[in-house]
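The structure under discussion appears below in the form of structure tokens.
We count ligands from 1, going down the list as the structure has it; atoms in each ligand are counted the same way. Sequential numbering from 1 along the given sequence is applied to the chain's residues.
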Amino acid sequence: MNTRYRLLLLTFFISSFSLKTRAQTDVANAFKFAVSQTGVMLTEIDKAKTKATGTLVIPRALDKAGNMVLIPPNDWCSGFFPGELWYLYEYTKDPQWLKQAQKFTAYIEPEKYSTGTHDLGFEVYCSFGNGYRLTQDPHYKDVIIQAARSLSKRFNPVVGAIKSWDNLKVGKYPVIIDNMMNLELLFEASRLSGDSSFYKIAVTHANTTLKNHFRPDNSSYHVVNYDPETGKVINKITNQGYGNETAWARGQAWGLYGYTMCYRETRDRKYLQQARKIADFILNDPNLPTDLVPYWDYNAPDKANQTRDVSAAAVTAAALYELSTYGRRNKVYRTMANQIMRNLAAYQAKPGESKGFLLLHSTGNKPANGEIDVPIIYADYYYLEALTRKLRLENYQAVVKQ
Ligand code: GLY
């Protein structure tokens, strides 16, 4: 081996070592921040609980005055805080986080019988799903399977989809793009129980959504209303977006994450293609700001007066890390995810402030004037999930541990 070649080889090893260390240091710093903020949050939860009544036990957001909003187990956001605790336990291996994760996860257990919501995936998979992944607790497995039974009751085979809301004002049988996220619970329950009906429901729902929710530019409608007797599409509208024909930012992120996950679970290439199309819509839309943190709706006019949605950026980063592990074009998706994560540092709360939330500037439901430009728990959850995925990629591990 000549000297020049040896030198080149040495430079390559040194640079790849230092690059790896830098990425790992970024993750370590972000987790250090998350650990200390979540300590603050636990104290704040105790303070808020003394003022609250009944079953308000889990943090969801800050209100306009900066007070912590606590929610009961049947709120669609109840699984995110327990899920964050599981990610902290996974990273630190500290039994104190395990204890906290178990405690907050247990609050949600009554939801396993709920048939009044499509959000059981968010509620039960983020909490019990992560708990089962990390502990193999057989009780958690039973909860996941029971929740899947309850969720399956909302499936109508004529429509070929799970009903999202029971609100008749929106429509008789509304299905929202967000509902793609709840399919992960069904795939897991099918694996754990051997009951293929959960798998079939998930795949049918994903196919129906693929057929009806997307526009030619690969952005998605928020709500598609069906006739439950015939399965025909009645209309395509929005509930949380700027307009029926606009691209609500978090909806695009839910779709990206949902179809990436469906490809993982089925290896059906049409889901991978759809995930790539959505990623390409998000990343190439001229309305996406240069820091890759979208406005709450891509097409809302008068951008100077619009708020961002940090939660959409966090969900997108988590999804892009996974998408980057499938097939071609993986480098671009990983680079973009890294870029989002780097840019989200500018959206972090000041240490010790914001009642322990991690990220500021999410937008929950602008048309309803709800949770605008505030910290929201699902932004923090998907941020920690994205960090965990980033670290797994840096360590050459499968991005999603099953
Ligand atoms: N699934 C409700 C939301 O994303 O706001």
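Judged by the 6.0 Å and 45° rule, R269 forms no cation-pi pair with Y271.
Partners of K232 by side chain to side chain contact (heavy atoms under 4.5 Å, CB included), not counting sequence neighbours, listed by chain and number: T230.
The immediate protein surroundings of ligand 1, defined as residues with any heavy atom under 4.0 Å of it, consist of W76, D178, Q240, W248, R250, W254.
Ring planes of Y378 and W76: tilted class, angle from 30 to 60°.
The environment of K303 atom NZ is dense: over 12 non-hydrogen atoms of other residues, nucleotides or ligands sit within 6.0 angstrom.
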Side-chain atoms of residues 255-262: list all donor-acceptor pairs with protein atoms under 3.5 Å, sequence neighbours left out, distances to 0.1 Å.
residue, atom, partner, partner atom, Å
Y257, OH, E385, OE1, 3.3
Y257, OH, E385, OE2, 2.6
Y257, OH, R389, NH2, 3.2
Y259, OH, A206, O, 2.7
Y259, OH, L210, N, 3.0
T260, OG1, L256, O, 2.6

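A salt bridge (Lys or Arg N to Asp or Glu O under 4.0 Å) check over residues 204-224, counting only residues at least two apart or in different chains, returns the pairs R215-E245.
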